[in-house]
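The structure appears right after this line, and notes come after that.
Throughout, residue positions are numbered sequentially from 1 according to the sequence presented. Quick note: numbers below take in every heavy atom, side chains included, and nothing from hydrogens, waters or symmetry partners.
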Amino acid sequence: MGKLNRAGIKVELKKHYASQRKEVESETIDVLVASMLAVDARVRRMQPHTMGFTAFLAAQVRFIPAWTWAVQIGLVALMWCMACSSTSADATKAIVGVLSAASVFVGAPTIHASKQHGVAELEYSCPNNTANVMIARLIILGCSSSLSVAWMVRLVAASLDVGAFTVALWSCPPFFCSCAGSLAILRKSTPSTATALCAVWTIGCSATLVAAASVLPHMYNGASLTVWAGAAAVALAWLVREVVMTLRAVAAGLDAFSPYLARTYN
C-alpha cells in the first residue's frame, strides 16, 4: 500500500462524496483527511509484518468452502460414469461440454463472497486488500476448475478413443463462455441475485450446447474442429476481457466494485 498524501486522499474523498445525494462540506472532508493521515502514520510506525503474495495465495486456499472441491470431484466422477455407461458417442461429447460449464458455476459464490457477506469495505482496509483477495480466488478457482475439465477431457478421450486435444476443443467454448458470463454477472449484479443469475447463465450455455448438438448432428465430426477452435479462441478472448474488467473494477475502489453499497450510505 502506497503512503497516503493529503492532496491525493482529499481529491479521492471529494470524488466519492460528489456521487452521494447529500452534499458534504469541505470542512468535514478536511477533518476526515486529517484522521486518515494520522491513522496511516500510526500504522506505519508499527511496521507490521506483511505477507508475500505467494504465502497469501496459499493461505487463501483454506477459505475456499470444502463443498466446492467436493462438487468438482463429483462432476469428474459423474463424467466418468457417463463415459463408461453411455452408448451414444455424441451424447458423451455434449455431456463433457455441459459438465465443463457446470464446473465454473461451482466457484461463483466464492468469487463474490466479499460482496455477498458485506466485507468488501473491510477488505479494502487490509494490506492484502480486496484486489489481492480477488486475484487469489480467480487463480485458485480457475486452476481447480481447469483441473476438473482436464480430468473430464482425459476420461472422454480414453472412452471414445480420440485425441485429448480434440475433446478439449469440444469442452473449451462452453467452459470459457460460462467463465466470462459469470464474471460479467458478478461484476454488474447485486449479491442477492448474482448466484441465481450465474446459475441461469450456466443452464443457458448448457441448453444451447445440447440444442445445437441435436440440430446439428455432425457438429462433432473431424471437419468441424476448425469451427470449434475458432469458437474457443473467441470465447477465450471474451474471458480475458472479463477478467481484466473485473480486476479493474476491484482496483478502482469500493465505489466501482460495489456501487450499490455507496448508494445505501444515505
Side-chain angles (χ1 to χ4, degrees), residues 68-108 111 137-185 198-246:
T68 301
W69 316 122
V71 174
Q72 289 185 342
I73 292 173
L75 290 174
V76 175
L78 179 60
M79 187 70 255
W80 179 72
C81 294
M82 293 290 187
C84 293
S85 62
S86 178
T87 57
S88 172
D90 288 339
T92 302
K93 295 170 184 177
I95 289 170
V96 70
V98 170
L99 294 185
S100 295
S103 69
V104 175
F105 172 69
V106 174
I111 288 291
R137 288 175 183 159
L138 288 174
I139 292 174
I140 294 168
L141 293 170
C143 288
S144 66
S145 296
S146 298
L147 183 60
S148 298
V149 173
W151 273 104
M152 288 189 278
V153 166
R154 180 178 179 181
L155 292 170
V156 173
S159 172
L160 300 179
D161 194 22
V162 296
F165 179 72
T166 299
V167 181
L169 288 180
W170 299 335
S171 62
C172 280
F175 177 70
F176 292 151
C177 284
S178 183
C179 284
S182 295
L183 286 177
I185 290 170
C198 286
V200 172
W201 173 256
T202 302
I203 293 171
C205 290
S206 301
T208 301
L209 180 63
V210 172
S214 62
V215 173
L216 303 171
H218 302 297
M219 65 182 286
Y220 288 109
N221 287 354
S224 303
L225 289 181
T226 302
V227 176
W228 282 103
V234 172
L236 178 60
W238 181 27
L239 173 58
V240 171
R241 177 185 182 277
E242 291 303 329
V243 170
V244 171
M245 294 292 288
T246 298

Quiz prompt | Separation of S224 OG from W170 CH2 (nearest 0.5 Å) | solution = 10.0 Å
Quiz item: Side chains of L183 and L138: does their closest heavy-atom pair fall under 4.5 Å?
Solution: yes
Quiz item: Does the side chain of W228 come within less than 4.5 Å of C172's, by heavy atoms?
Solution: no
Quiz item: In chain order, what residues pass the ring pair (Phe, Tyr, Trp, His ring centres under 6.0 Å) check against F105, with sequence neighbours excluded?
Solution: none
Quiz prompt | N221 atom CG, over 12 foreign heavy atoms within 6.0 Å | solution = yes
Self-check item: Smallest separation among heavy atoms of W69 and I140, with atom names
Solution: CH2-CG2, 3.7 Å
Quiz item: Run the side-chain contact (heavy atoms from CB on, under 4.5 Å) check on T202 and V104 step by step: do they pass?
Solution: CA-CA 8 Å; T202 302; V104 175; 5.8 Å; no
Quiz item: Would you call T92 and M79 a side-chain contact if the rule is heavy atoms closer than 4.5 Å?
Solution: yes
Quiz item: With sequence neighbours left out, what residues match W201 under ring pair (Phe, Tyr, Trp, His ring centres under 6.0 Å)?
Solution: W238
Self-check item: Shortest non-hydrogen separation from F176 to A235 and the atoms involved
Solution: CB-CB, 3.5 Å
Quiz item: Taking atom CH2 of W151 as the centre, does the number of heavy atoms from other residues, nucleotides or ligands within less than 6.0 Å exceed 12?
Solution: no
Quiz item: Rounded to the nearest 0.5 Å, how far does CG of L160 lie from CG of L155?
Solution: 10.5 Å
Quiz item: Measuring from I73:CD1 to S148:OG, what's the distance to the nearest 0.5 Å?
Solution: 8.0 Å
Quiz item: Could you go step by step and tell me if I111 and T246 meet the side-chain contact (heavy atoms from CB on, under 4.5 Å) rule?
Solution: CA-CA 11 Å; I111 288 291; T246 298; over 6 Å; no
Quiz item: Who passes side-chain hydrogen bond (donor to acceptor under 3.5 Å, both in side chains) against S145, sequence neighbours left out?
Solution: Q72
Self-check item: L147 CG to M152 CE distance, which is reported to the nearest 0.5 Å
Solution: 10.0 Å
Quiz item: Between the main-chain N or O of C179 and the side-chain N or O of S182, is there a donor-acceptor pair closer than 3.5 Å?
Solution: no
Quiz item: If you take all heavy atoms of L209 and V98, which pair is closest and at what distance?
Solution: CD2-N, 3.8 Å
Quiz prompt | Distance-minimising heavy-atom pair for V149 and S103 | solution = CG2-OG, 3.7 Å
Quiz item: From T68 OG1 over to L141 CG, what is the distance, rounded to the nearest 0.5 angstrom?
Solution: 6.5 Å
Quiz prompt | S178 side chain vs P174 backbone, donor-acceptor pair below 3.5 Å | solution = no
